[in-house]
Q: 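Sharing a structure with you now.
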Amino acid sequence: MNKNKTLAQIFEKIGDTLEFMGDNPFKVNAYRKAARVLNDLVEDVEEIYKEKGLQGLMTIPGIGERIAKKIVEYLETGKIRKYEEVMSLVPQDLLELLDVPGLGPKTLKLAYDKLGVKNLEDLKKVLEDGSLEKLPGMGPKKVENIKKGLELYTRMKDRIPIGLAIPIVEDIVSRLKELKEVELISPCGSFRRMKETIGDIDILVVGQDGFKIIRYFTELPGVTKVLAQGETKGSCIFEDRYQVDLRVVPRDSWGAALQYFTGSKAHNIKVRSIAKQKGLKVSEYGVFKGEKKIAGASEEEVYKVLGLKWIPPELREDRGEIEAALIDALPNLVEEDEIKGDLHVHSRYSDGTADLEEIASKGIERGYEYIAVCDHSRSVKYARGLEIDRLLKKLEEIKKVNQKKPGIRLLAGAEVDILGDGALDYPDEILKKLDFVVAATHIWKKDEDVTERILKAMDNPYVDVIAHPTGRLIGQREGYKVDIEKIIEKAREKDIALEINAYYERLDLNDINVRLAKEKGVKLSIGTDAHNIGQLWMMRLGVGVARRGWLEPEDILNTLSVEQLMEWRRKRRK
DNA sequence: GCCGTTTTCGGCCCGACTGTTTTCAGTCG
């Protein structure tokens, strides 16, 4: 198993604790940076250490000698003394309270030292009984602010899956566009970067009358609370759950503001460092040479004056995109209109609600050449998996629909379960009849490692795709135990594609693993896993993951024509 | 704690807002 994530968490916690203890803020930042780098790292640190030793670890940007040695200590002994030492200094429940808006490390430390606050309960108490308010530097407004933050914290601890945010953002944007004062408008932040979950939603506007625009915004249907309202910024809670911030900026700062509010933070820090090296200064108002503004109206020019190509938002995570932009080596990212079909859709035959004709019609409407209808196989009883006779019946009906609807080709597919021993849920003579076979794991025992059974299934020449390879559900469950690197390696060897399941709660593979697969030369297949025709739009989410994973059109099965797709299958089976 | 075709020491992104201050600290994005 890959230890990058565990180490990232450890360093994150060390960072939080040191910050709380009032240690050097740059040291705190160094630990956090190391945590982020490890989280994003495609290679397994353990492998790097095995192959290249301590020196190898130190070549990772953000990892120096001290942290590299801690990584080694963890790999060899399973623990890190510094971590244990630091953990014992501070009650860990307390540190979680740093997520409360308005409550930072200094105030929390003060409450801990002077009032003995050790957890959420204690905090509530000192807020209520006035003891926090009496401490030096504190006052009634700060206390009130923390109380509000605490309320928000308990209600909105969880991030929002992007699939839930999209309809809300689109609605707000289209309503704002109706206002004649609004000249330019764009969502920014993690939403624009198409991150799988987002904290709050930022929308940027250029317009004539800030007060009017903001007031209109705070009065939109769906607003349940107005947090702030002025000439340049408004902030509301929609539907008791989604915080949306609207900012109004002057036109000549549009590009700089868009760049700034899109982030990510790490990306912006690096952009600003580059500016600084060139004697320039970047802020949300523009790029400045001394007092003089030399860029800011468009994002393109902001990047250009820094010697960078414009970087697509999905790449802005400081994962090498800036280095690539410097030498004009950014990938030619796939676009949604290059997608020629959906490769994982359910029909009424199993647990979907659409019949085959509806699926075909909706596919034509979306401009697709094909849709692979992949219903569940017989073992998945809870999803009405198809017995063989039903499957054969479905194949017949697909033929008829294809004759009736020449504008699109439905591919006779199945989402075949990978059974406990790695066998597939249909025999080969049945699989042979299918146009497209997606293999998936739906049933596993607690703590079972499913790597071996998936690898075994990949020996079957009829398998085209491994669906939702990690089984995770965003915000709900971790997924099964699986060594994704082994799966990727096997996919390369057998020329099997791995799925980007575009259903908003899955997004599986995620961006990091997608990029790793690409680097290993593995093709990716995007499927919405739609169970009704109202979910086919989620292709957009899958394309977002693909772009965040640096994928180009040729990395993706769905950009092939139906003939090319069939040819790809034939070649593999020989 | 990291890092270096301006530095192996001395930096480390930038600006706004808020509240408790009388010149600034804390927090946020």
Q: Roughly how far apart, to the nearest Å, are B/dT7 and B/dC24 at atom P?
A: 33 Å
Q: Rounding to an integer number of Å, can you tell me how far A/L227 CG sits from B/dC17 P?
A: 17 Å
Q: Any strand counts, and the cut-off is 3.5 Å on both contacts for Watson-Crick or G-U wobble. Which nucleotide pairs with B/dT8?
A: none
Q: Less than 4.5 Å apart, any side-chain heavy atom of A/T107 and any of A/K142?
A: no
Q: Sticking with atom P, work out how far B/dT27 lies from B/dT20, rounded to a whole angstrom.
A: 13 Å
Q: Using 4.0 Å as the upper bound for N to carboxylate O, is an ion pair formed by A/R32 and A/E19?
A: yes
Q: With rounding to the closest Å, how many angstrom separate the C1' atoms on B/dG11 and B/dT22?
A: 31 Å
Q: How many Å lie between CG on A/L306 and P on B/dC14, as a whole number?
A: 13 Å
Q: Over all strands shown, is A/P140 touching base, sugar-phosphate only, or nothing at heavy-atom distances under 4.0 angstrom?
A: sugar-phosphate
Q: Separation of A/L57 atom CG from B/dC2 atom C1', in whole Å?
A: 15 Å
Q: So, taking the atom named SG in A/C188 and the one named CG in A/L204, what distance separates them when rounded to the nearest 0.5 Å?
A: 5.0 Å
Q: Grab the CZ-P distance between A/R32 and B/dG1 for me, whole Å please.
A: 15 Å
Q: Check the interface with nucleotides 5-12 of chain B: list each N/O to N/O pair with the protein under 3.5 Å, or write none.
A:
| unit_1 | atom_1 | unit_2 | atom_2 | d |
| --- | --- | --- | --- | --- |
| B/dC12 | OP1 | A/K276 | NZ | 2.6 |

Q: When every nucleotide of nucleotides 23-29 of chain B is labelled 5' to 3' by its protein contacts under 4.0 Å (heavy atoms), B for base, S for sugar-phosphate only, - for none, what sequence of letters results?
A: ---SSSB
Q: Roughly how many Å apart are B/dT8 and B/dG4, using the C1' atom of each and rounding to a whole number?
A: 8 Å
Q: Between B/dA16 and B/dT6, how many Å separate the two C1' atoms, rounded to a whole number?
A: 32 Å
Q: For atom C1', what is the distance between B/dC12 and B/dC17, given to the nearest Å?
A: 24 Å
Q: A/P105 versus A/M21: any side-chain heavy-atom pair under 4.5 Å?
A: no
Q: Over how many whole Å does the gap from A/E12 atom CD to B/dG1 atom P extend?
A: 16 Å
Q: Hey, what do you get for CG (A/D555) to CD (A/E519), rounding to the nearest 0.5 Å?
A: 10.5 Å
Q: My understanding is that only residues two or more places apart in sequence, or in another chain, count here; which of them pass ring pair (Phe, Tyr, Trp, His ring centres under 6.0 Å) with A/F238?
A: A/F217
Q: To the side chain of A/I67, which of B/dC14, B/dC2, B/dT20 is closest?
A: B/dC2
Q: Please find out if less than 6.0 Å separates the ring center of A/Y112 from that of A/F20.
A: yes
Q: Measuring to OP1 and OP2 of B/dG15, would you say a side-chain N or O of A/K281 lies under 4.0 angstrom away?
A: yes
Q: Which atoms form the tightest heavy-atom contact between A/R506 and A/R472, and what is the distance?
A: O-NE, 2.7 Å
Q: Expressed as a whole number of angstroms, how long is the span from A/N29:CG to B/dC2:P?
A: 12 Å
Q: In whole Å, what is the span from the CE atom of A/M58 to the C1' atom of B/dC2?
A: 10 Å
Q: Would a 4.5 Å heavy-atom cut-off, applied to side chains only, mark A/I162 and A/Y504 as touching?
A: no
Q: Separation of A/H267 atom NE2 from B/dC14 atom P, in whole Å?
A: 15 Å
Q: Side chain of A/K141: nearest nucleotide among B/dG19, B/dG1, B/dA16?
A: B/dG19
Q: Checking A/S235 against A/Q243: is there a side-chain donor and acceptor pair closer than 3.5 Å?
A: yes
Q: Syn or anti for B/dT7, please, going by whether the chi angle lies within 90° of 0.
A: syn
Q: Which whole number of Å gives the distance between the C1' atom of B/dG26 and that of B/dT21?
A: 12 Å
